[in-house]
Visitor: 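So that we are looking at the same thing, I have put the structure below in structure tokens.
Order of listing sets the numbers, starting from 1, for every ligand and every atom in it. Heads up: numbering here begins at 1 and tracks the sequence. Predicted model, so just to flag it, every value in this text is computed and none were measured.
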Amino acid sequence: MSDIATDKRIELLGLTADELREFMTAMGEKPYRARQLHDSIYRRRVTSFDSMTDLPKTLRRLLDERAVVTHTRVESVFISSDGTRRFLLKLGDGREVEAVFMPEERRDTVCISSQVGCPLACDFCMTGVMGLRRNMTAGEIVSQVIIVLNEVYGQGIEPPHGTNIVMMGMGEPLLNYDSVIKSVRLFADPDGLRIAPRRVTLSTAGIVPRIYDLAREEVRPRLAISLTAANDELRNRLFPINLKYSLKQLIEACRSYPLGERERLTFEYVMLDGINDSDRDARELVRLLSGIRAKVNLIPHNPAPELPYRSSSMERILAFQKILTGAGLPSFIRRPRGQDISAACGQLAARHQASA
Ligand code: SAH
């Protein structure tokens, strides 16, 4: 393992303004120094004390001895022919996670991880194959956005478009609840990254009690539910978590989730050839979601050698979509992004490129 794995210096990224003030006070520094530090870390995305030239040199040296902005490092970057970039990131203990940058015409989307691995073992997802290694800290979650934006635009440069964040990388965000909520608050900070909660989407496989908790949060991300099956028999097979929280319980939680004026709940439906893609499946899905302000994202299944599924054909996906649309249920077909670099949904497993 590299030297960062043994670096015991405290990671400042992830601390709130209050926590940074406590840290600086304990070092005998004035509160305004903490504000400068906060501004450098979160607004200007500066990751080395050396570049914080508004701080005295002696203080910068002292900070260097005791702390780091983040332990997260870029291990490698893979660039797709469609402009998608996959980042393999190394955390302070040497564990690896992945984040994906997707440029779009009007905005960028950064897809981030919330856990190293995932315990849910969904049958069609690569991250499930690797199992859970550990939860990520709030600082590690936020570091992905800071590092990706710095890599793409340069440190301190304001991204020309807005940034959307989707928690659809590795891990189940609702099984790392406190750190995920803290990271949403840090994203939203008007003195920091300024990424509003409505620009952050949390995707869950259905940890029902945590959906009720989320509904009560003041700073609340948009919610997406990975559904992919409209009956318990099939969902039990694809999502082991469904044995614990049934579809009925999940849909009940969705019905009670508070929505903004024009907000809809997103339901992700991975299209699996011959498994969940018949006309009958589509009608069952319409019935299940009736009365919910919902939209459905149809996601062609992204393959991996370890996964026993194939994507439905585009023809089948279009026929499936037609039934949803005909019933007044808005649905969108998601174009796979970065498939050639294993950056697409469900392909993240912190693997090194085979050739590397
Ligand atoms: N644990 C969370 C977030 C990670 S998965 C969740 O389950 O929502 C992010 C999205 O990728 C989910 O909608 C999931 O259903 C989808 N996905 C997983 N594996 C996939 C695959 N092989 N192809 C396409 N989408 C996949």
Visitor: Is it the case that the side chains of D82 and T84 hold a donor-acceptor pair, with the cut-off being a distance below 3.5 Å and no angle test?
Guide: yes
Visitor: For ligand 1, indicate whether the residue T204 contacts it via side chain, backbone, both or neither (heavy-atom separation under 4.0 Å).
Guide: backbone
Visitor: Short list, please: which atoms of ligand 1 are under 4.0 Å from a heavy atom of E268?
Guide: 10 (C), 12 (C), 13 (O)
Visitor: Is a side-chain donor or acceptor of R199 paired with a backbone partner of G162 at a separation under 3.5 angstrom?
Guide: no
Visitor: For S311 and ligand 1, answer yes if some heavy atom of the residue is under 4.0 Å from a ligand atom, otherwise no.
Guide: no
Visitor: Check this for me - ligand 1, L307, N or O atoms closer than 3.5 angstrom, yes or no?
Guide: no
Visitor: Verify, without hydrogens or angle tests, whether D64 (side chain) and R61 (backbone) share a donor-acceptor contact under 3.5 angstrom.
Guide: no
Visitor: Under a plain distance cut-off of 3.5 Å, with no hydrogens placed, do T204 and E172 share a side-chain donor-acceptor pair?
Guide: yes
Visitor: For ligand 1, which atoms have a heavy atom of A205 less than 4.0 angstrom away?
Guide: 6 (C), 7 (O), 8 (O)
Visitor: Closer than 4.0 Å to some heavy atom of I299 - which atoms of ligand 1 meet that?
Guide: 24 (C), 25 (N)
Visitor: Taking the six-membered ring for Trp and the full ring for Phe, Tyr or His, determine whether the centres of F124 and F239 are under 6.0 Å apart.
Guide: yes
Visitor: Answer yes or no: does an N/O atom from P173 fall short of 3.5 Å to an N/O atom of ligand 1?
Guide: no
Visitor: Any sub-3.5 Å donor-acceptor pair from Q115's side-chain atoms to L132's backbone N or O?
Guide: no
Visitor: For the side chain of R33 and the backbone of L55, is there at least one donor-acceptor N/O pair under 3.5 Å apart?
Guide: no
Visitor: Under 3.5 Å between any N/O of T228 and any N/O of ligand 1: does that happen in this structure?
Guide: no
Visitor: Applying a strict 4.0 Å limit to heavy atoms, is P300 in contact with ligand 1?
Guide: yes
Visitor: Under a 3.5 Å distance rule, please check whether R60 uses its side chain to pair with a backbone N or O of D50 as donor and acceptor.
Guide: yes
Visitor: Show the atoms of ligand 1 that are less than 4.0 angstrom away from any heavy atom in G169.
Guide: 4 (C)
Visitor: Are any side-chain N or O atoms of Y269 and backbone N or O atoms of A282, one a donor and one an acceptor, separated by less than 3.5 Å?
Guide: no
Visitor: Under a 4.0 angstrom heavy-atom cut-off, which atoms of ligand 1 come close to C125?
Guide: 18 (C), 19 (N)
Visitor: Less than 4.0 Å is my threshold; does some heavy atom of S114 fall inside it relative to ligand 1?
Guide: no
Visitor: Tell me the contacting part of Y309 for ligand 1: side chain, backbone, both, or neither, using a 4.0 Å heavy-atom threshold, strictly below.
Guide: neither
Visitor: Only heavy atoms of G171, strictly under 4.0 Å: list the atoms of ligand 1 that pass.
Guide: 1 (N), 2 (C), 3 (C), 4 (C)
